[in-house]
Amino acid sequence: MNNAGIASQATLDTYDPEKFARMRQVNVDGVINVTRAAMAGMRTLGYGRIVNIASVAGIGTALPGTAFYAATKAAVIVLTRRFAFELGPHGITVNAVAPGFVRSDMTKGGRGAADWDAVANDFAQRAMTGRIGEPEDIANAAVFLAAPESGWITARTLVVDGGRMDYTGHG
């Protein structure tokens, strides 16, 4: 599973090429490098499951300051499809999970308890389920895609977001 990721907020006015390069190295190059490292053994076996962790940001959530992070996660979604095309003939599936807002060290981001509660409540109101995600929600989706029984699912992005309703594409 390709699960490394970092985020750095920026707008066009506050764009920092070094921060973007670092995000791209971790979020995109990390997926490429880990996939390349794993694929030889999987090809030899004629079997494999690769699960990339993308983000709903890569699909188009409407949060200010996340355009450059979203670009890296959109790249993960595209790479998922392309790698599936390349590796499918070798019995290897490649899929992605695109989490919504999940309780994690990254989303807590040093917030105090009151600030965290306000942010979590705001995101919970954006979801049809009325709550934010928990790490287990994402883990369950990844386990499903990694299971032998999921062998006919490839090149797909499974959105796990509680039914978020704030995408730029919604209207």
Side-chain angles (χ1 to χ4, degrees), residues 1-11 19-20 22-24 26-32 34-35 49-85 93-147 149-171:
M1 178 165 43
N2 290 314
N3 188 36
I6 60 172
S8 180
Q9 286 201 334
T11 64
K19 286 184 180 178
F20 182 63
R22 180 68 181 138
M23 268 195 305
R24 191 175 50 245
V26 173
N27 298 357
V28 180
D29 295 351
V31 167
I32 295 167
V34 171
T35 300
R49 299 284 183 267
I50 296 172
V51 180
N52 299 321
I53 302 299
S55 171
V56 293
I59 298 168
T61 54
L63 294 176
T66 62
F68 303 108
Y69 170 75
T72 67
K73 290 304 186 170
V76 170
I77 291 168
V78 170
L79 290 174
T80 296
R81 289 188 209 124
R82 298 305 303 175
F83 292 170
F85 179 74
T93 63
V94 185
N95 292 290
V97 174
F101 192 81
V102 175
R103 182 184 322 273
S104 70
D105 291 342
M106 188 168 84
T107 57
K108 285 185 177 181
R111 294 180 170 99
D115 187 33
W116 169 252
D117 288 344
V119 168
N121 184 53
D122 177 52
F123 277 95
Q125 291 177 8
R126 299 173 194 225
M128 293 174 196
T129 59
R131 69 175 180 89
I132 63 169
E134 297 296 336
E136 295 79 14
D137 296 316
I138 308 314
N140 290 335
V143 166
F144 167 73
L145 291 172
E149 295 81 5
S150 297
W152 212 46
I153 301 170
T154 196
R156 298 292 167 223
T157 299
L158 178 58
V159 175
V160 182
D161 68 352
R164 285 262 307 263
M165 299 177 285
D166 63 332
Y167 292 96
T168 56
H170 287 196

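No experiment lies behind these values; they were computed from the predicted model shown.
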side-chain contact (heavy atoms from CB on, under 4.5 Å) assessment of Leu145 paired with Val97: CA-CA 9 Å; Leu145 291 172; Val97 174; 3.8 Å; yes
Met165/Arg126 under side-chain contact (heavy atoms from CB on, under 4.5 Å): CA gap, chis, key distance, verdict: CA-CA 6 Å; Met165 299 177 285; Arg126 299 173 194 225; 5.7 Å; no
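Across all their heavy atoms, Thr157 and Ala98 have their closest contact at CG2-CB, 3.7 Å. Pairing each heavy atom of Ala75 with each of Val28, the nearest pair is CB-CG2, 3.8 Å. Between Phe101 and Ala120, the shortest heavy-atom distance links the atoms CE2-CA, 4.5 Å. Nearest heavy atom pair, residue Gly151 against residue Arg49, reads CA-NH2, 3.1 Å. Of all heavy-atom pairs between Gly65 and Thr11, the closest is CA-CG2, 4.2 Å. Contact detail for Lys19 and Ser8: the closest heavy-atom pair is CD-OG, 3.3 Å.
A donor-acceptor pair is defined here as one N or O able to donate and one able to accept, closer than 3.5 Å; no such pair exists between the side chain of Asp117 and the backbone of Ala114. With Lys73 contributing its side chain and Ile53 its backbone, the two residues share a donor-acceptor pair below 3.5 Å. A distance-only check finds a donor-acceptor pair linking the side chain of Thr154 to the backbone of Val94 [under 3.5 Å]. Checking side-chain atoms of Ser150 against main-chain N and O of Phe144 turns up a donor-acceptor pair under 3.5 Å. Side chain of Thr107 to backbone of Val102: a donor-acceptor contact under 3.5 angstrom is found. Between the side chain of Asn2 and the backbone N or O of Val34, no donor-acceptor pair lies under 3.5 Å. At least one donor-acceptor pair under 3.5 Å links the side chain of Asn95 to the backbone N or O of Ala155.
Here Glu134 contributes atom CD and Asn140 contributes atom CG; the two are 11.5 Å apart, rounded to the nearest 0.5 Å. Summarising the geometry, atom CE belonging to Met1 is positioned 12.5 Å from atom CD1 belonging to Ile50; distances are rounded to the nearest 0.5 Å. To the nearest 0.5 angstrom, Asp137 atom CG is 8.5 Å from Thr129 atom OG1. A distance of 8.5 Å separates OG1 of Thr72 from CD1 of Ile6, quoted to the nearest 0.5 Å. The CE atom of Met128 sits 8.0 Å away from atom CG of Asp161, with the distance rounded to the nearest 0.5 Å.
Using a 4.5 Å heavy-atom cutoff, the side chains of Arg164 and Phe123 are in contact. Two residues are said to be in side-chain contact when any heavy atoms from C-beta on lie closer than 4.5 Å; Gln9 and Tyr69 fail this criterion.
Heavy atoms from other residues, nucleotides or ligands lying under 6.0 Å from CZ of Arg82 number 12 at most.
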